[in-house]
Amino acid sequence: MAGCFCITTRSNRMSGYEFTAIEKKWQRYWQENSTFHQPNPGDPYFKPDRPHLYVLDMFPYPSGAGLHVGHPEGYTATDIVCRYARMKGCNVLHPMGYDSFGLPAEQYAVEHGVHPRKTTEENIANIERQIKMFGFSYDWSRRIATTDVEYYRWTQWIFLQMYNSWYDEADDRARPISELVHLLESGEYVVDLLDRAVPSGTLGIDAITGEPVGSRMWHELDVDQQREVIDACRLAYMDEVPVNWCPALGTVLANEEVTNDGRSERGNHPVYRRALKQWMLRITAYAERLLADIEIVDWPEPIKIMQRNWIGRSDGAEVTFPLANNSGESLDVFTTRPDTLFGSTYMVLAPEHPLVETLTTNEQRADVEAYVAQARHRSELERTAETKDKTGVFTGAYAINPVNDEQIPIWVADYVMMGYGTGAIMAVPAHDERDFDFAQTFNLPIRPIIKRRDEAAPRYVGALSGEAFAKVYSVWQQDPASYPKIRGLYFGGFWDAADDGTSLFQPEDVSTQWIAEHPDVPKGFIVVGKDGMAALLGAAGFKAESEPFALCVADLNEELELVDSGPINGLSPDDGKETITTWLEDEDLGRASVNYKLRDWLFSRQRYWGEPFPILHDVATGAIHPLSEDDLPVRLPEMDDFSPEASDEADRPPRPPLSRAAQWRLVAGVVMDDGTARIEEDFPVQELFADGVDVEQAMQNVLDAGMEPVDDPETLLAPRTVTVDGRERQLRLFTRELNTMPQWAGSCWYYLRYLDPENHDRFVSPEAEQYWMGVDNDKAGGVDLYVGGAEHAVLHLLYSRFWHKVLFDLGYLSKPEPFHKLFNQGMILSFAYKDSRGITIGPADLEMTDEGGETVAYHKTTGEQLQKVVAKMSKSLKNVVKPDDVIGRYGADTFRLYEMFMGPLEAAKPWNTNDVPGIFRFLQRVWRMILGDTDNGIEPLLGETASDDVEKALHKLIQKVGEHLEAMKFNTAIAAMMEFVNGVFKAGTISRSQAERFVLLLAPLAPHIAEELWQQLGHADTLAYEPWPEYDEAMIVEESVELPVQVNGKVRGRVTVAADAAEDNIVATAKNEPNVADSIKGKTIVKTIVVPGRLVNLVVH
RNA sequence: GCCGGAGUGGCGGAAUUGGCAGACGCGCGGGAUUCAAAAUCCCGUUAUGGCAACAUAGUGUGGGUUCGAGUCCCACCUCCGGCACCA
């Protein structure tokens, strides 16, 4: 490599700044002296009187590829903040760990036939070696990995807390499920017809039929029914839900793990919709609080917006539409626009809607069933591929619009989804684009009920064939004034508003030529009123041939009013919405309602490398029992074959890898009074089978049944008892839960475990949690600074907030939010070079030349000139930069400084290895400034004399570096230090005291060289806890300032005046400046602006 | 389509939030040192014109507000990120 030559030569000769030796030396020193160990309250050496700071990095996923240069960017930033905070006298908690469960490691392990534990350990070792090269000041004694048994036992414990909790809407918090049982037993809560537990005072409303329903008391239910009610309330529950099933990976995936085109994020395999019984977490119960508490955290606004959008609150109404068949049944719809009820001309049900089957008429049944079946089997890919075209079928049934008693047809279409609202909509094609498209496709009536206040009637679009359109358009263009006003043009969904009705904004775009060239684009005129089109055509000498249709999707505002809408005529849409909602409530036809896009979290995966659930399934009854906390952890069984059962078939039943762990799966145990299960380790499972049963065969039957109960348990199993807790209990045969938790589980709470990683009795002690996370006088609480990439904007950050709030509700945590301040570092990009075919050329084939100061890349062999692009680092683009190489050549301090110098931390910016030597030179210069370079005969600038200029510059620097570090503007802090060093070289001298203070300023950014210089300057101890230098305000103010003098806003000269000079004096001096005097000669000064300390501006005529 | 973010020299980026556009670094040019080279130190480096002083233009494009706009307002273009039939 060409670049190597000069570097090698340089480092051979340059023995002054020996970065490799220095960095090794200090990394060892910090480790041996536990320099960065931070004790907890109550620990020896803990200093209670100091302020505290918890600075957290998003922990890495230990992939086989190791770190890329993007990881250390955020880590370096937090390290600087931490080192600075220590020097400012803070107790700093700065831990690091590994998010080591999950698909990538497992997939790698499967592909290479190695156990994931082994690859994970190797990857962690490698990544930790890399992290340690940078000299970060982590407290390594707090290291955790989510795959550690001692860690995941508490992940399982938290799951149990969720399983054993329910969300009390009345109290707006999660409570132990035992309290719900009490409420039900006491009659304070009753069970409605949908098996939901509700306070006895409120009346449940049936979501589908809309009828008020009766309720049952707890004691009216049998034991199984009671269990079902309770299970349906839990925060962690099992449900049969439509899931993303990826047969190639053999697992279900969360929505977030599926790409836009319906493939798996990992591996790009096809994903299918399929109903499967899965573990779910009831995050939707927290939708409102997750939304509200965004307001109390200090996060970047774009991330807050993304979370708000993800939660997706919309306010509207639920409206009940009775069916027209006199059956007494009805349909509930959710709408955000109840003001448009009078414009509803049809209804649409999602294909999965339970009423589709019952209300479809016999004539339509075949069509509907075929459509529903087809919709069900369509994969995500197919669904998104044809987003534009609306499909659907008529059910044959009608509903009655409650506001005007009109009969409207009910359709089934897959543009309505079961998962949102009620799975049914009232369609208002005149004012909703999707409904409009659908109505157009199936020729359904379109009835506009909103118009602009300044127009006589609603707007319509008259659609014409291309030819007819062109004729009318050209006639109209010749004399617009004598025709009815055209409000705009319609080109297949593209609206072009007219400004005054006589001319269009961009008439050149709609030339007759354009019209001729685009025969397939539908075209129309936007006119006012139903007759507007006829009038226009008539005036142009044509006969009206097409039916007018309407679409008005203007924003709600006072410029609009409702028409043909009975009692709300003349109201604005906003007022109409309010009025009609009240009316609906009074008439018992509907009610105000809020909906969220957020769905419950699909929490199980059919994979090996994840946390096992602490759940047992009773083989005889199928009942689910949570494990007793005393039986945690549930360890992953050792398996030789841990691969998932991948398949090409979309409908194959999932068989999790854990189902093959026969020894591990079947356990004997008892059920305690509170419903938890305890395992009887010593009791052989075989003895639970009845006498005379072929045990081996019977066990196989149980195993084959998966987590379902076996047939005929009475003959298969023997009644055996054992005494536990002083009572004789029946021994049960259990099979363990075979699913595992998704990768996000471990990362949901790792920031809590760092606080108290060795605790064997609790996931975190209250003392540690309150000290580090319970920020005083702050509602939110949480980690003081959390730095990571924006790719976790919704998933990890939303899931963590959810878990945190659950644990907060249950009394385990002191504040409601996990991360108080969040900072997203920008992505580090890289240059790549492409040839004319768009193929990336790797660095080995590049030839860079300089052409008039401009660097141009050519292909080494073909000589073709290449195009430079900036892109994400990826193997396929051959533009990946590895930190190891850079550190090997220039050292960790240079690497750290370079990444911080590239630009603002939050900005995406391209890596450019050619810029690194500039930073390296700076550090060499610092070294030579203080110690010289004896090998090259360079004397240090360190001396006895303390230059006043240097002293002044140093005070300014202390102020500036402090401010910029606190604002995390590291690039400008470094630039300021470079300027200072340049200044010292000009002055030719720096005193020992000045050098020492400078070294302390440099220390957070380039800690190794700073420690070495500090030691060479005669200090025995680390500088990590040296007080940050102070600056003197008096040293910073200048006695005189140079002001630019502007004439009419243009700089014509500069004058130097005393800093406290009077305005009159400044102006007088300014006018005397020769060039300025020249510019104002013979002109009158009409205005004089003096900005103190900034500039003078003379306005002249 | 919707929601974010960003466009400044050959390059990465500064600009105290309305006050000297281009700090600092890279690259490039020149000089000192050296037998020579590397390294180092110093000077210059937005463009155009001029020996120079200086003049003119200039922060994606077009308009506006202002004594003064990279920064504020309106319209548009390009790139990056996220979401996407959410009723």
Side-chain angles (χ1 to χ4, degrees), chain A residues 6 9-10 13-14 260 300-303 305-306 308-310 312 314 316 333-337 348 383-384 387-388 390 413-417 419-422 424-428 432-435 437-438 493 505 595-598 790-791 793-794 826-827 829 831 850-856 868 870-872 898 901-904 906-912 914-919 921-922 924-925 928 933 936-938 960 963 971-972 974-979 982 985-986 1042-1052 1054 1075 1086-1089 1091 1093-1100:
Chain A
C6 61
T9 315
R10 186 189 301 166
R13 299 200 172 203
M14 206 292 302
N260 273 348
E301 201 53 40
I303 301 292
I305 291 169
M306 276 196 236
R308 285 192 202 105
N309 290 345
W310 193 263
S314 50
V333 300
F334 172 73
T335 176
T336 54
R337 297 290 306 273
V348 186
R383 261 171 115 197
T384 44
T387 50
K388 275 176 191 155
K390 293 276 182 291
D414 66 359
Y415 84 94
V416 173
M417 289 167 302
Y420 188 76
T422 62
I425 62 157
M426 61 168 212
V428 185
D432 179 281
E433 243 177 292
R434 298 163 310 225
D435 297 345
D437 292 343
F438 189 81
F505 278 137
N595 257 285
Y596 302 91
K597 277 202 287 192
L598 186 68
E791 66 270 22
V794 279
M827 207 186 317
L829 307 168
F831 294 117
D850 182 74
E851 290 172 17
E854 207 168 333
T855 313
V856 184
K868 180 164 138 178
V870 174
K872 267 187 205 178
Y898 172 65
F901 188 66
M902 287 168 77
E906 65 274 18
K909 46 214 174 276
W911 176 277
N912 190 355
N914 293 336
D915 286 342
V916 178
I919 294 290
R921 277 201 282 272
F922 165 65
Q924 286 180 305
R925 236 162 119 79
R928 282 194 297 265
D933 180 355
N936 289 299
I938 295 169
K960 198 164 188 176
E963 282 174 3
N971 53 334
T972 48
I974 295 166
M977 290 194 223
M978 287 172 166
E979 272 181 283
N982 290 346
F985 271 80
K986 279 206 184 73
E1042 193 192 54
L1043 296 182
V1045 183
Q1046 297 183 336
V1047 177
N1048 285 347
K1050 290 200 164 148
V1051 180
R1052 295 298 169 184
R1054 282 159 222 287
N1075 205 39
V1086 291
K1087 198 170 181 183
T1088 307
I1089 294 130
V1091 184
R1094 309 291 316 170
L1095 55 58
V1096 179
N1097 190 9
L1098 305 171
V1099 186
V1100 298

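Naming: A, B, ... by sequence-line order, numbering from 1 per chain.
In this structure, A:Asn309 places its CG atom 6 Å from C1' of B:C3, rounding to the nearest Å. The distance between atom CD of A:Glu906 and atom P of B:C80, rounded to the nearest whole Å, is 20 Å. If you measure from atom CG of A:Leu829 to atom C1' of B:G81, you get 11 Å, rounded to the nearest angstrom. If you take OH of A:Tyr596 and P of B:C83, they are 22 Å apart, rounded to a whole angstrom. A:Gln1046 places its CD atom 7 Å from the P atom of B:A21, with the value rounded to the nearest Å. One interatomic measurement links the two molecules: CG of A:Asn595 to P of B:A87, which rounds to 8 Å at whole-angstrom precision.
Scanning atom types as modelled, one donor and one acceptor separated by under 3.5 angstrom connect the side chain of A:Asn1097 and the base of B:C67. Side chain A:Lys986 to base B:C42: no donor-acceptor pair is found below 3.5 Å.
Helical stems in RNA chain B, defined as runs of 3 or more consecutive Watson-Crick or G-U wobble pairs with donor-acceptor distances under 3.5 Å: B:1-7 with B:77-83, B:10-12 with B:24-26, B:27-32 with B:40-45, B:46-49 with B:54-57, B:60-64 with B:72-76.
A:Asn971 pairs by the side chain to side chain donor-acceptor pair (under 3.5 Å) definition with nothing, not counting sequence neighbours. Qualifying side chain to side chain contact (heavy atoms under 4.5 Å, CB included) partners for A:Glu906, counting only residues two or more places apart in sequence or in other chains: A:Phe823, A:Pro904. Shown here are the side chain to side chain contact (heavy atoms under 4.5 Å, CB included) partners of A:Ala975, two or more places apart in sequence or in another chain: A:Phe901. A search for side chain to side chain donor-acceptor pair (under 3.5 Å) contacts involving A:Thr336 returns nothing, not counting sequence neighbours. Partners of A:Lys872 by side chain to side chain contact (heavy atoms under 4.5 Å, CB included), not counting sequence neighbours, listed by chain and number: A:Met827, A:Leu829. With sequence neighbours excluded, the residues forming a side chain to side chain contact (heavy atoms under 4.5 Å, CB included) with A:Asn912 are A:Phe831, A:Tyr898, A:Asn914, A:Asp915, listed by chain and number. Residues forming a ring pair (Phe, Tyr, Trp, His ring centres under 6.0 Å) with A:Tyr415 (at least two apart in sequence, or on another chain): A:Phe438.
Comparing A:Asn971 and A:Thr335 by the nucleotide of RNA chain B that holds the closest heavy atom to each, the one mapping nearer the 5' end is A:Asn971. Projected onto RNA chain B by closest heavy-atom contact, A:Ile919 and A:Met827 fall at different nucleotides, the more 5' of which corresponds to A:Ile919.
Comparing B:C83 with B:C28, their C1' atoms sit 45 Å apart, to the nearest whole Å. Atom C1' of B:G64 sits at a distance of 36 Å from the matching atom of B:G50, rounded to the whole Å. Comparing B:G44 with B:C26, their C1' atoms sit 16 Å apart, to the nearest whole Å. Between the C1' atoms of B:U78 and B:G60, the separation comes to 7 Å (whole Å). B:A23 sits 25 Å from B:U56 when the C1' atoms are compared, rounded to a whole Å.
Between A:Arg308 and B:C3, a side-chain N or O to OP1/OP2 separation shorter than 4.0 Å is absent. Residue A:Asn982 places at least one side-chain N or O closer than 4.0 Å to OP1 or OP2 of B:G25. For A:Thr972 and B:G13, the shortest distance from a side-chain N or O to OP1 or OP2 is not below 4.0 Å. One finds a side-chain N or O of A:Arg921 lying less than 4.0 angstrom from the OP1 or OP2 phosphate oxygen of B:C26.
Within 6.0 Å of the NZ atom in A:Lys909, the count of heavy atoms belonging to other residues, nucleotides or ligands exceeds 12.
Residue A:Lys909 is classed as a sugar-phosphate contact, given heavy-atom separations below 4.0 Å to backbone atoms only.
One distance of note links CD1 of A:Ile938 with CG of A:Asp933; it measures 5.0 Å at 0.5 Å rounding.
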Which protein N or O atoms sit under 3.5 Å from an N or O of nucleotides 53-58 of chain B?
| residue | atom | partner | partner atom | Å |
| --- | --- | --- | --- | --- |
| B:A55 | OP1 | A:Arg1052 | NH1 | 2.9 |
| B:U56 | OP2 | A:Arg1052 | NH1 | 3.2 |
| B:A57 | OP2 | A:Lys1050 | NZ | 3.1 |

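Glycosidic conformation of B:G13 is anti; the angle lies outside 90° of 0. Glycosidic conformation of B:U78: anti, with the torsion beyond 90° of 0.
Contact annotation: the side chain of A:Leu1095 never approaches that of A:Leu1043 to less than 4.5 Å [non-hydrogen atoms, C-beta and beyond].
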